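Have a look at the structure below before the remarks.
Because the structure is predicted, anything quoted here is derived from the model rather than measured.
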Amino acid sequence: MKKSNNEIMKKPKTKQVKSKQIDEWILMGRAILRNDLRPKDMEGWSDYYLFDNNGLLIRDTFERKNATLYEEYSEYVEFNKKLEDRIKRANKQIISPNASFPGLIQVTIEHFKVMIGESDKILANEFALESDVLDYSILSLTYLDKAIKKTLKIYDAGDFEEKYAVCISAYCGEVMRRKVDGEWKITGNAAGILDQILIEEKTNPKHSYRPEIPIALILSGDAPKGSNLKIEVDAQLHKYGFIKGNEEHYDLQ
């Protein structure tokens, strides 16, 4: 099983700065307005200030309250370039409306099938977990969740998604499959690239579940505060059962 070679970028060092402090820095000449450094799509939305020649302050132009301080402007530039490159790569890919992953994540069906059986070992190795912790039980998701969130405090969520989302989804899917006595339904495009993954109950294929949703909610920040991978898998099993023919109801079209 080949591991991904994607390099995960560390998040730039940032902190939130209060409005009063920003105004003091402007008066002292430490924060200099440099909207020439601002991307075109942020015009009218944010003001950019060079701070002490090394840092960058990004301040909302409407409320003009707090701002985000990037301690190193060079880190901001590198990080922003990677985001732009990711968008460009995603836009080059044509995917179906039912695709389980963003277009920039390209995995073959055969690779994914192998990954299902090895996801426990791969994830335990990647996140330095004990080999017997990931046993495909619902409880094991709490240990995986802690490791994921510890990593996300340091590294970029977009890079993390590219490298780990498919494998984590494979693990979550196998947890679901064993819980409901189900089977995998895996579809791809003409080139054999993975398109959609589902878990279907053997006794009633109309009962199906989407194993990519739990990690997608966590990475996007759309999961409720205090949620974790175990909670989201439980919610997937209960909330999204019986989705066939009810996609509109669950806003899954």
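The environment of CD in E130 is sparse: at most 12 heavy-atom neighbours from other residues, nucleotides or ligands sit within 6.0 Å. Counted within 6.0 Å of NZ on K179, heavy atoms from surrounding residues, nucleotides or ligands total 12 or fewer; the atom is thus considered open. Taking a 6.0 Å sphere around NZ of K13, one finds it holds 12 or fewer heavy atoms contributed by other residues, nucleotides or ligands.
When each of Y171, Y164, Y143, Y155 is checked for a ring-ring contact (aromatic ring centres under 6.0 Å, His included) with F127, only Y164 meets the rule. The side chain to side chain donor-acceptor pair (under 3.5 Å) test with R89 singles out one residue from E162, Q106, E84, and that residue is E162.
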- Could you give me the CA-CA distance, side-chain angles and deciding distance for E201 and Y209, then say whether side chain to side chain contact (heavy atoms under 4.5 Å, CB included) is met? CA-CA 9 Å; E201 293 184 13; Y209 311 91; 2.3 Å; yes

- Task: Test side chain to side chain contact (heavy atoms under 4.5 Å, CB included) on E71 and N54 and set out the steps.
- Result: CA-CA 7 Å; E71 296 183 15; N54 294 318; over 6 Å; no

- Task: List the steps, then state whether salt bridge (Lys or Arg N to Asp or Glu O under 4.0 Å) holds for D85 with K81.
- Result: CA-CA 6 Å; D85 289 344; K81 183 180 183 303; 3.0 Å; yes

- Trace of the side chain to side chain contact (heavy atoms under 4.5 Å, CB included) decision for I58 with Y70: CA-CA 8 Å; I58 301 179; Y70 287 82; 3.7 Å; yes

- Task: For the pair N98 and S96, evaluate side chain to side chain donor-acceptor pair (under 3.5 Å) and give the outcome as yes or no after the intermediate values.
- Result: CA-CA 5 Å; N98 297 319; S96 77; 5.0 Å; no

- Decide yes or no on side chain to side chain contact (heavy atoms under 4.5 Å, CB included) for V233 and I213, but give the supporting numbers first. CA-CA 8 Å; V233 167; I213 287 180; over 6 Å; no

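No side-chain heavy atom of I215 sits less than 4.5 Å from a side-chain heavy atom of C172. Contact of the F101 side chain with the D195 side chain is not registered, since no non-hydrogen atoms from C-beta on lie closer than 4.5 Å. Counting only heavy atoms from C-beta outward, the side chains of V17 and N66 never approach each other to under 4.5 Å. Between I154 and K11, the closest side-chain pair of non-hydrogen atoms is not below 4.5 Å. Taking the side chain as every heavy atom from C-beta outward, F160 and L152 approach each other to under 4.5 Å. Side-chain contact between I105 and L194 is absent, with no heavy-atom pair separated by less than 4.5 Å. In this structure, the side chains of I138 and L237 come closer than 4.5 Å at one or more pairs of heavy atoms. I197 has its side chain within reach of E212: a pair of non-hydrogen atoms, C-beta onward, lies under 4.5 Å apart.
The closest donor-acceptor contact from the side chain of Q196 to the backbone of S100 lies at 3.5 Å or more, if one exists at all. In this structure a side-chain-to-backbone donor-acceptor pair under 3.5 Å is present from N189 to G192. Between the E174 side chain and the G117 main chain, no donor and acceptor come within less than 3.5 Å of each other. A donor-acceptor contact shorter than 3.5 Å links the side chain of T61 to the backbone of G44. Using a distance-only test at 3.5 Å, with no hydrogens or angles considered, a donor-acceptor pair links the side chain of Y136 to the main chain of D120. For the pair S227 (side chain) and A223 (backbone), a donor-acceptor distance under 3.5 Å is absent. The main-chain N or O of D234 is found under 3.5 Å from a side-chain atom of H238 such that the two form a donor-acceptor pair. Between the side chain of D145 and the backbone N or O of N228, no donor-acceptor pair lies under 3.5 Å. The closest donor-acceptor contact from the side chain of S169 to the backbone of A165 lies under 3.5 Å. R177 places no side-chain N or O within donor-acceptor distance of the main-chain N or O of I199, the cut-off being under 3.5 Å.
Here the closest non-hydrogen pair linking P214 and Q236 is CG-CB, 4.4 Å. Looking at every heavy atom in both residues, S140 comes nearest to V133 through CB-O, 3.4 Å. The nearest pair of heavy atoms linking G103 to Q93 is O-CG, 3.0 Å. Annotation for I231 and G226: closest pair CD1-O, 4.0 Å, computed over non-hydrogen atoms. Between R59 and S19 the shortest heavy-atom distance is NH2-OG, 2.9 Å. Considering every non-hydrogen atom in both I168 and L123, the closest pair reads CG1-CD2, 3.9 Å.
For the residue pair S220 / D222, a side-chain donor-acceptor distance below 3.5 Å is found, with atom types taken as modelled. Between the side chains of D47 and N35, at least one donor-acceptor pair of N or O atoms lies under 3.5 Å.
Here the CG atom belonging to L57 is positioned 8.5 Å from the OG1 atom belonging to T68, to the nearest 0.5 angstrom. Annotation: the span from E232 atom CD to I218 atom CD1 amounts to 6.0 Å, rounded to 0.5 Å.
Ion pairing between D156 and R86 holds under the 4.0 Å rule for side-chain N and carboxylate O. The pair R30-D52 counts as a salt bridge, with a side-chain nitrogen and a carboxylate oxygen less than 4.0 angstrom apart.
L33 is connected to F51 through a chain of hydrophobic side-chain contacts under 4.5 Å among Ile, Leu, Val, Met, Phe, Trp and Tyr, so both are in one cluster. Under the 4.5 Å side-chain heavy-atom criterion for Ile, Leu, Val, Met, Phe, Trp and Tyr, Y76 and F79 are members of distinct hydrophobic clusters. No continuous path of hydrophobic side-chain contacts links I32 to L27 [ILVMFWY only; heavy atoms under 4.5 Å]. M9 and L56 sit in two unconnected hydrophobic clusters of ILVMFWY residues. Membership requires side-chain heavy atoms under 4.5 Å apart, directly or through other members. Follow the hydrophobic side-chain contacts under 4.5 Å out from I193 and you never reach F112; the two are in separate clusters.
Taking the six-membered ring for Trp, W25 and Y49 have ring centres at least 6.0 Å apart.
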